[in-house]
Amino acid sequence: MQPTTTQPLLEVSDLSMRFGGILALNSASLNVLPGSITAIIGPNGAGKTTLFNCITGFYRATSGAIRFNSGNSSVDLIQVLGGPFKATDLTDPRAFSTRLYYKMLGGSHRVALAGVARTFQNIRLFDEMTAIENLLVAQHTGLDRNVVGGFLRTGSYLKSEHTAVDRAFYWLDKMGLGEDANRLAGELPYGHQRRLEIARAMCTQPKMICLDEPAAGLNPNETKALSEMIQMLRREHDVAVLLIEHDMGMVMDISDHIVVLDHGEVIAAGTPQHVENDPAVLAAYLGADYETGVAL
Amino acid sequence: MSHTEQYNFSKTALRGLRDAAFAGVIALIVFGPMNGLILDGYGLDFHLDRPFLMAGIVALGRFLLTLSGCLPAVRQLRERLMDFSHRGVTVEQPGDSQVRWKVLILLTIITGLCAPFLVSKYWLTILILALIYVLLGLGLNIVVGFAGLLDLGFVAFYAVGAYVIALGAQYWGLGFWTAIPVAAVLAALAGCILAFPVLRMHGDYLAIVTLGFGEIIRLVLNNWLDFTGGPNGVRAPSPTLFGLEFTRKAKEGGIPFHEYFGLEYSSFYKYLLIYLVLFVIVVALTLFVHRLRNMPMGRAWEALRENEIACRSLGINHVTVKLSAFMMGAMTAGIGGVFFASYQGFVNPTSFTFFESALILAIVVLGGMGSIVGVIIAAFVFTLVPEMLREFADYRVLVFGVVMVLMMIWRPRGLLQIRRKAFKRPRPVYTRPGEAQPLHAASAGQSL
């Protein structure tokens with residue numbers, strides 16, 4: 001890896017995740033630079049989604065560290081989930097109070113608040129709400145949530161709602177869903193649902209967006225359009241993109257950096273060209289025999 | 001054209017005859033032993049004319065029913081009734097006129113305000129009860145309909161509200177008017193206490209825990225003899241109007257309401273006051289809940305119902321959202337409890353059994369989970385119809401069950417469709433990334 005002057009946006013170091021006797025992740029490390037497109041690839045069961053869930057706060061990693069550096073603040077993405085108390089907390093009141101705070105108010109939503117948005121492999125939209133309401137829910141934390149103010153329709157409430165609706169329309173248009181604004185999310189065609197999920201994630205105004213197999217189930221034309229959309233996100237909105245994808249053509253096309261996982265370990269990382277020719281990667285994908293030179 | 005119709009008609013008539021014969025035979029088999037054989041001491045009397053008459057009526061009815069299918073109007077009606085593909089949710093169109101709704105709401109409010117002067121005292125008390133159930137339905141609708149948290153112990157908060165006014169009056173001299181906010185706050189607190197341990201639970205587990213909570217409250221009220229009076233209950237104070245009491249004789253130094261205004265004594269005035277205050281609160285709360293739906297809090301509740309994991313991925317703290325739903329629902333029930341206690345003049349734990357929780361849940365489910373108008377209609381149906389059919393009181397629970405089964409087949413999503421608000425494209429105010437100014441900012445004049 002070439003040395004970089006910019007500080008990575010996301011630093012994952014020595015991350016391990018154990019489910020009972022299964023080590024799903026074995027000291028995996030990776031960095032995501034601001035404004036870059038990073039892809040995680042690997043055979044089925046390699047631990048890609050586990051890594052994703054650890055980063056986005058849906059799993060608490062067994063060991064290791066995840067730091068998210070946006071702007072001038074740095075957030076420990078594992079601490080915000082709220083962990084169990086440790087013996088050392090008793091001697092350190094500050095550590096104790098932080099832990100207590102995150103225990104009470106922490107959780108995976110904190111990761112989103114830090115600036116990490118995500119989509120899901122199996123689409124998770126609010127099916128019985130309209131497309132635009134999906135996007136308004138995404139802006140929840142930034143809105144005027146005063147119940148009394150909302151009931152009386154105060155100026156600040158109306159202004160906050162107005163901006164939210166406008167931003168939602170902006171993202172619908174960006175994703176080519178302008179016509180679907182007032183349709184139920186669950187009734188949209190599959191491709192639109194995928195795009196709506198990305199729009200919803202973007203409405204949280206993230207610094208980094210994690211896409212879990214965004215091209216799954218899309219036809220080649222839709223995949224091409226999606227690639228362009230992802231590049232547009234990076235170009236116009238200055239977000240870093242972290243994606244899991246099985247469509248190699250798309251991955252090689254758009255990624256700046258590729259991390260290859262196999263059996264929970266990072267077996268290669270680098271530019272698409274570098275990864276493409278890495279013998280370890282070929283072995284993981286095509287079988288170990290390839291390494292020893294036996295013709296398949 | 002007319003030839004085909006004639007053919008269709010004769011075909012339908014033939015089919016009708018066949019159906020009628022079949023139905024008649026079935027009716028004969030059913031009614032034969034029921035109506036035809038009459039016990040007379042140790043013997044049996046045969047009255048075969050009666051089952052034949054019944055079978056004849058059934059057959060004729062069946063024939064007419066099939067024949068009526070020829071009329072387009074009947075066919076249309078039948079198709080509408082038999083439409084099982086009923087969708088639970090529709091979205092309004094941005095241009096949809098709201099005038100119809102506004103007129104309807106205004107008419108309802110005027111009717112509601114005039115109603116107590118047109119009905120007898122007995123029916124006024126029934127109306128009060130109906131409004132209390134509307135409150136309870138609105139409250140549970142927040143928890144079950146919006147937030148999707150199945151709460152089988154909702155009556156607990158109702159009990160909290162009722163006992164706050166009764167015990168508050170007994171121990172701390174709490175009056176009717178102060179009891180309303182105090183009960184709202186305390187019931188919300190009870191909701192908070194219940195919600196904390198159950199936040200991690202979903203579906204069935206949540207239902208069981210809330211069921212337990214409801215029973216705990218009732219048992220505490222029943223067994224804490226020194227404080228709550230146990231099964232003997234507690235007296236609850238009546239409301240006062242600016243210090244004027246509604247009793248026949250006021251407490252020392254006071255003047256009762258009827259003497260002050262020079263009226264004949266009647267407990268009607270007390271119920272009238274309760275009704276009017278309750279009506280205003282119900283209207284205000286309905287408006288509040290309606291607006292909540294389109295506010296960030298209400299949207300977060302519905303989003304939580306739809307998909308909790310997605311909510312968390314968007315930075316919404318599901319714990320506080322659930323907590324707010326529980327507290328808001330409990331608060332509404334607490335207010336309902338105050339009115340119930342004051343209207344009855346007395347509370348004891350038998351008013352807060354599981355059956356009550358089930359009834360409120362039935363109101364919410366029947367009204368259409370998440371539909372405010374549906375819940376209001378269902379609350380009235382469930383309180384007024386049993387009163388109108390007093391003679392059939394024995395069959396009340398049976399009818400209740402039949403109605404529930406029919407509803408689940410015919411309209412599983414509730415009486416009314418849920419309507420979602422449509423959004424119009426607003427004047428741009430959001431600064432687009434990569435553009436110096438909002439789109440069309442120049443044409444839109446100044447931005448906010």
Side-chain angles (χ1 to χ4, degrees), chain A residues 56-58 104-105 107-114 117-120 124-130 132-134 136-145 147 150-151 153 157 159-170 178 181-186 197 200-201 203-204 235-238, chain B residues 87-94 196 284 287-321 324 328 370 413 418 420-435 438-439 447-448:
Chain A
T56 53
F58 283 86
M104 297 295 290
L105 295 167
S108 30
H109 63 279
R110 285 267 165 185
V111 176
L113 291 180
R118 72 167 293 178
T119 64
F120 296 86
R124 289 179 182 276
L125 288 168
F126 307 127
D127 286 345
E128 291 208 340
M129 299 172 85
T130 58
I132 192 126
E133 282 176 312
N134 268 269
L136 291 177
V137 171
Q139 301 177 52
H140 182 80
T141 51
L143 295 178
D144 181 357
R145 279 173 285 160
V147 177
F151 178 53
R153 309 236 156 139
Y157 164 78
K159 193 176 152 189
S160 127
E161 284 292 290
H162 185 165
T163 317
V165 173
D166 190 33
R167 183 183 287 126
F169 268 107
Y170 167 76
N182 289 315
R183 288 179 66 190
L184 295 181
E197 218 189 8
R200 188 178 69 179
C203 270
T204 62
R235 202 170 54 240
E236 293 178 12
H237 298 277
D238 197 31
Chain B
R87 271 176 43 217
V89 189
T90 50
V91 186
E92 289 169 359
Q93 288 313 303
F196 251 115
L287 180 67
F288 179 62
V289 175
H290 173 71
R291 288 200 167 171
L292 258 180
R293 272 190 74 184
N294 295 313
M295 270 156 59
M297 189 190 249
R299 282 198 298 259
W301 289 340
E302 293 200 81
L304 195 77
R305 176 193 67 202
E306 293 296 313
N307 204 319
E308 185 176 326
I309 289 176
C311 266
R312 277 153 63 191
S313 84
L314 298 172
I316 294 172
N317 187 348
H318 63 290
V319 174
T320 47
V321 172
S324 65
M328 209 60 98
R413 300 292 304 270
I418 294 160
R420 300 208 73 91
K421 184 185 160 195
F423 286 84
K424 273 203 246 5
R425 200 172 277 272
R427 188 166 51 83
V429 286
Y430 162 61
T431 314
R432 270 70 173 152
E435 290 165 32
L439 280 177
S447 57
L448 272 172

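So you know, we letter chains A, B, ... as the sequences are listed, proteins then strands, and number each from 1. What you see is a predicted model, and the numbers here were worked out from it, not measured in a lab.
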Review point. Would you say the side chain of B:Met295 lies within less than 4.5 Å of the side chain of A:Val147, judging by non-hydrogen atoms?
Key: yes
Exercise for review: Please examine the side chains of A:Leu125 and B:Asn307, heavy atoms only from C-beta on, and report whether any two atoms are closer than 4.5 Å.
Suggested key: no
**Study point:** Backbone N/O of A:His109 and side chain of B:Asn317: donor-acceptor pair under 3.5 Å
**Key:** no
**Study point:** Side-chain donor/acceptor of B:Arg420 to backbone N/O of A:Glu128, under 3.5 Å
**Key:** yes
I need the minimum non-hydrogen distance between [X] and [Y], along with the two atoms involved.
X: B:Arg299; Y: A:Met129; result: O-CE, 3.6 Å
X: B:Lys424; Y: A:Phe169; result: O-CE1, 3.4 Å
X: A:Tyr157; Y: B:Pro296; result: CE1-CD, 3.9 Å

Point to revise | Results of salt bridge (charged side-chain N to carboxylate O under 4.0 Å, His left out) for B:Glu308 - residues two or more places apart only | key: B:Lys322
By a 4.5 Å heavy-atom criterion (distance strictly below it), what part of [X] contacts chain B: side chain, backbone, both, or neither?
X: A:Arg235; value: neither
X: A:Leu136; value: both
X: A:Asp238; value: neither
X: A:Glu161; value: side chain
X: A:Ser108; value: both
X: A:Ala181; value: neither

Find the distance between [atom1] ([X]) and [atom2] ([Y]) and round it off to the nearest 0.5 Å.
X: B:Arg312; Y: A:Thr56; atom1: CZ; atom2: OG1; value: 10.0 Å
X: A:Arg124; Y: B:Ser313; atom1: CZ; atom2: OG; value: 9.0 Å
X: A:Leu143; Y: B:Met297; atom1: CG; atom2: CE; value: 13.0 Å

Study note, to complete from the structure: Those residues at least two apart in sequence (or on a different chain) that pass ring pair (Phe, Tyr, Trp, His ring centres under 6.0 Å) with A:Phe151 are B:Phe288
Review point. By a 4.5 Å heavy-atom criterion (distance strictly below it), what part of B:Leu304 contacts chain A: side chain, backbone, both, or neither?
Key: neither
Review point. Under a 4.5 Å heavy-atom cut-off, does chain A meet the side chain of B:Arg425, its backbone, both or neither?
Key: both
Exercise for review: Would you mind telling me which of A:Gln139, A:Glu197, A:Arg200, A:Arg110 has the largest number of heavy-atom pairs within less than 4.5 Å of chain B?
Suggested key: A:Arg200
Study note, to complete from the structure: chain B shares the most heavy-atom pairs under 4.5 Å, among A:Thr130, A:Thr119, A:Thr141, with A:Thr130
